[in-house]
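Written out below as structure tokens is the structure these notes cover.
Throughout, protein chains are lettered first and strands after them, A, B, ... in sequence-line order, and every chain is numbered starting at 1.
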Amino acid sequence: MNVQSVLHTIDGISTWVGKAAAWLIILLMTVVCVEVFKRYIMNAPTAWIFDADNMMYGSLFMLCGAYTLAQNAHVRGDFLYSSMRPRTQAGLDLVLYIVFFIPGIAALIYAGADYAADSWRIAEHSNVTSDGPPVYHFKTVIPIAGALVMLQGVAEIIRAVVCLKTGEWPSRLHDVAETDVIEEQLAHSEYVDEESRKIAIERAKAIDETARQRGMGGDLNT
Amino acid sequence: MSDPALGLLMLALIVVVIMMGFPTAFTLMGLGMFFGFIAFYDPTHLFTDNKVFELMVQRTYGAMTNDVLISIPLFVLMGYVMERGALVDKMFYSIQLAFRKVPASLAVATLIVCTFWGIASGLVGAVVVLMGVIAFNPMLKAGYDVKLASGVITAGGTLGILIPPSVMIIVYAAVAGQSVVKLYAAAMFPGFFLSFLYLVYIIGWAMIDPKIAPPLPEEQQRVPVPEWMRKFSAVYGKNAFVGTLKALVSPSRALAIETGKGRVSYGMLLTNFVALSVPFLLVGGTLWLTWWYVVIHQQVGPEVVVTGVQQLGTPDLVKGPATAAELGPPEGFYLYFGIIAVICALWQLRYYWRVDADRLEVIKLLSTSIMPLGILTVVVLAVILFGITTATESAGVGAAGAFLLAIQARTLDWKRTKEAVFLTAKTTAMVCWLFVGSALFSGVFAILGGQALVEQWVLSLNMSPIQFMILSQAIIFVLGWPLEWTEIIVIFVPIFLPLLKHFNIDPVLWGTLVFVNLQAAFLSPPVAMSAFYLKGVSPKHVTLNQIFAGMMPYMLIVIVCMIIMYFWPGMTLWLPNYLYGV
């Protein structure tokens, strides 16, 4: 098994969990709408909805943390970073992952596991309302999300090492990007001429990258 | 090393490490962990019992159950669905036709589309690239000044992060402990005011110097009116409104017109009539809603009489001072309302007097392209602002509404739904993990006494409120060059927040100024990202320097807008105070 397939396996795990958790947003939206209907139109509010909403939202973003990391979508100050050579980037990343990321996430897993274990022991229920729903499973999300992020972090460290060796970043799994909307909007446009449409669609990704480097990467004035 | 010094070291380190490009959320977590460990170090305990672990997990759980942040994924989903559901080029085309007689019509249309688009989505990059393709090339072809054309796109593209419902405002609300609805109400007028200032600037410039924005050639100004409509107006007269009314009463002549695909049907006449009534319904509806909210709604609020149940605590709960909205119509309301209503009525009369086949077609185009998006936004915002539901509930309903609209417009399929869902997940995770990290970081920063040190230092400078205001905004402006708004709001804004009380500055006003300020920061050369997005899609002969030169005036306009906001806080604070009380 070569390094690339290990990387893609870990990416795959993170992405799968993240995408599965992502659907919680549709559930959350539906629950909120049903509750709005019940509360404002039927005048029959539900007590545990507040907790349920929180649980869906909390699990959603915690479990998507690793997926976001796998797609390199966590916000970073890429002003200087993106104009460096890949080797320099990888060197910085490697050091910072070991110095900041591993202790931070390890603490999160350790503290989260304790926290969740306590909650299971006393069969904790939410105190937002009397007789609130149980929260121990929700608190268990913290160590699980931490473990997933840690696994993905290991993959990122391997990436940095590979990049240091080869001078090139290993590939990531393809996923939907924000710039995809350009293609979707333009693909069936009736008012934009063929040529500029094609250029924009093909170059969307590259434009995004250049913009993030703010002109420090390449020759823009050509 | 003393504790406060450690705190400052922490602050210095975070700036350095962010600059090195490491994901900010994890930088914050790691730094918070280390410094927290030192702060809580207690030799009598095992290192595994260090209280920093408690702090960390409590802060994480706090972010997971934060009832302000919960509306982020819902608003983000709404934005992504709308972004995929609404057709921006159709929107641009119809608005441009509607404004074809106005000077610099293409630039005006660009700005209006950007404002609308800003309501839907908060992404700078995608808007600028899209408008670059759809509007930039037509503007250059029409002979517009490069600076005018590039400025309007870059400035319009950054409006999205300011105009509600924007994610930035929710994050600020969560950081500052302010109410989301109040901030939305506060950002409402400045957002549209800024876009109005841009508009005034463009039209003013084009009127003084018509060379920079020559009118479009005749054939591009023509409205694509179907052939049968021409025949129709030949039969029933030029005025489309009167003609349609006549035709509805005695349709025999209209039904005899050939369209090329069979005869005109009664349904087509009805469609025309409905389209014609849209302007009237919009104006009338807005006036009626204002009247209803200010005059009727306040009076029907029934006194809730509690019988049977013994109330806990003091039976006569002291009600806070009634909000302005509850006190009945404000002085002079009837006069102003009357004047506005008369003006609207006159304008409508003139409009219906002059409506012809061209205008009817423009209304039809506008109502199919912008109306759905517009109505959804207005409903979502109105529901939040009038306090009918909470922000979370409105966001949920808004997201569902966006789905319905996109399905109705047949622009949504399974692939796009999936994309919207996954993008929402990524954006939410990005913002909320950052929040987790910064919650730990700011907690440790406060424990170490770094916050107190900064406060003492600022207080020792003996600044007046206006000096403090200028200093804080200047710092945020400079930070806006290399950093994204997420980092600024989550890491640096909390340092200023406790000081606002000392200087008697309203956090709502200050926050709104920060939102506007970030607009200027994102327009400042040579680091503004939107310029590079535009450069990516523009023709070869447009240089980056031309784009930067085009952006400069807009940056100045933003600063003018901030000065106006400072000297006239009523623009920002009137609406929130009117709706929710001081």
Taking atom NE2 of A:His174 as the centre, does the number of heavy atoms from other residues, nucleotides or ligands within less than 6.0 Å exceed 12? no
Heavy-atom distance under 4.5 Å to chain A: side chain of B:Thr24, backbone, both or neither? both
Comparing B:Thr27, B:Leu69, B:Val76 against chain A, the one with the most heavy-atom pairs below 4.5 Å turns out to be B:Leu69
Can you give me the closest heavy-atom contact between B:Gly396 and A:Val32, atom names plus distance? CA-CG1, 3.9 Å
If you count heavy-atom pairs under 4.5 Å with chain B, which of A:Cys64, A:Gly18, A:Ala21 comes out on top? A:Cys64
Distance (rounded to the nearest 0.5 Å) between A:Ile25 CD1 and B:Ile72 CD1: 11.0 Å
Chain B contact via A:Val95 - which portion, at a heavy-atom distance below 4.5 Å: neither
Relative to chain B, which segment of A:Val75 carries a heavy atom at a distance below 4.5 Å: side chain, backbone, both, or neither? both
Please determine, among A:Phe37, A:Tyr40, A:Phe101, A:Phe50, the option with the most heavy-atom pairs under 4.5 Å with chain B. A:Tyr40
Among B:His541, B:Met29, B:Met56, residue most engaged with chain A (heavy-atom pairs, under 4.5 Å): B:Met56
Step-by-step side-chain contact (heavy atoms from CB on, under 4.5 Å) determination, B:Val17 to A:Phe100: CA-CA 10 Å; B:Val17 181; A:Phe100 288 135; 3.7 Å; yes
Greatest number of heavy atom pairs closer than 4.5 Å to chain A - which of B:Thr428, B:Leu423, B:Leu534: B:Leu423
With rounding to the nearest 0.5 Å, note down the distance linking CH2 in B:Trp433 to OG1 in A:Thr68. 9.0 Å
So for A:Leu96, is it side chain, backbone, both, or neither that comes closer than 4.5 Å to the heavy atoms of chain B? both
Scored by heavy-atom pairs under 4.5 Å with chain A, the best of B:Leu77, B:Ile18, B:Val537, B:Thr65 is B:Thr65
B:Asn137 portion near chain A, given a 4.5 angstrom heavy-atom threshold: side chain
When the 4.5 angstrom heavy-atom criterion is applied to A:Phe138 and chain B, the contacting part is both
Can you tell me if NZ on B:Lys51 sees more than 12 non-hydrogen neighbours from other groups inside 6.0 Å? no
With sequence neighbours left out, write down each residue that passes side chain to side chain contact (heavy atoms under 4.5 Å, CB included) with A:Ile98, or none if nothing qualifies. A:Leu94, A:Ile157
Any side-chain heavy atom of B:Thr60 sitting closer than 4.5 Å to one from A:Met62? yes
Chain A: which of B:Ala399, B:Ser394, B:Ala429, B:Ala63 shares the most heavy-atom pairs with it under 4.5 Å? B:Ala429
Give the minimum heavy-atom separation between A:Tyr81 and B:Met20, together with the two atoms involved. CD1-O, 3.2 Å
Hey, what do you get for OH (B:Tyr61) to OG (A:Ser119), rounding to the nearest 0.5 Å? 7.0 Å
For residues 103-110 of chain A against chain B, heavy atoms under 4.5 Å, the residues are A:Pro103, A:Gly104, A:Ile105, A:Ala107, A:Leu108, A:Tyr110
Please classify the contact of B:Glu393 with chain A as side chain, backbone, both or neither, using a heavy-atom distance under 4.5 Å. both
About how many Å separate OG of A:Ser59 and CE of B:Met64, when rounded to the nearest 0.5 Å? 6.0 Å
ring-ring contact (aromatic ring centres under 6.0 Å, His included) filter on B:Phe37, not counting sequence neighbours, yields none
Tell me, for A:Val149 versus chain B, whether the close heavy atoms (under 4.5 Å) come from the side chain, the backbone, both or neither. side chain
Is chain B contacted by the side chain of A:Leu69, its backbone, both, or neither, given a heavy-atom distance below 4.5 Å? side chain
Min side-chain heavy-atom separation A:Tyr57-B:Thr392 under 4.5 Å: no
For B:Phe435, give me all partners under ring-ring contact (aromatic ring centres under 6.0 Å, His included), at least two apart in sequence or on another chain. none
Taking all non-hydrogen atoms of both residues, which atom of A:Arg76 and which atom of B:Gly21 are closest, and how far apart? NE-O, 2.7 Å
Please verify the inter-ring angle class for B:Phe22 with A:Tyr97; under 30° counts as parallel, over 60° as perpendicular, anything in between as tilted. perpendicular
Taken to the nearest 0.5 Å, the spacing of A:Phe61 CZ from B:Ile70 CD1 works out to 11.0 Å
Segment of B:Leu434 engaging chain A (4.5 angstrom heavy-atom cut-off): side chain
Does A:Trp23, at its CH2 atom, have more than 12 non-hydrogen atoms belonging to other residues, nucleotides or ligands within less than 6.0 Å? yes
Structural part of B:Phe92 lying under 4.5 Å from a heavy atom of chain A: neither
Would a 4.5 Å heavy-atom cut-off, applied to side chains only, mark A:Asp114 and B:Val57 as touching? no
What are the two closest heavy atoms between B:Pro23 and A:His74, and how far apart are they? CB-CB, 4.0 Å
So CG of A:Asn54 and CG of B:Asp67: to nearest 0.5 Å the spacing works out to 6.5 Å
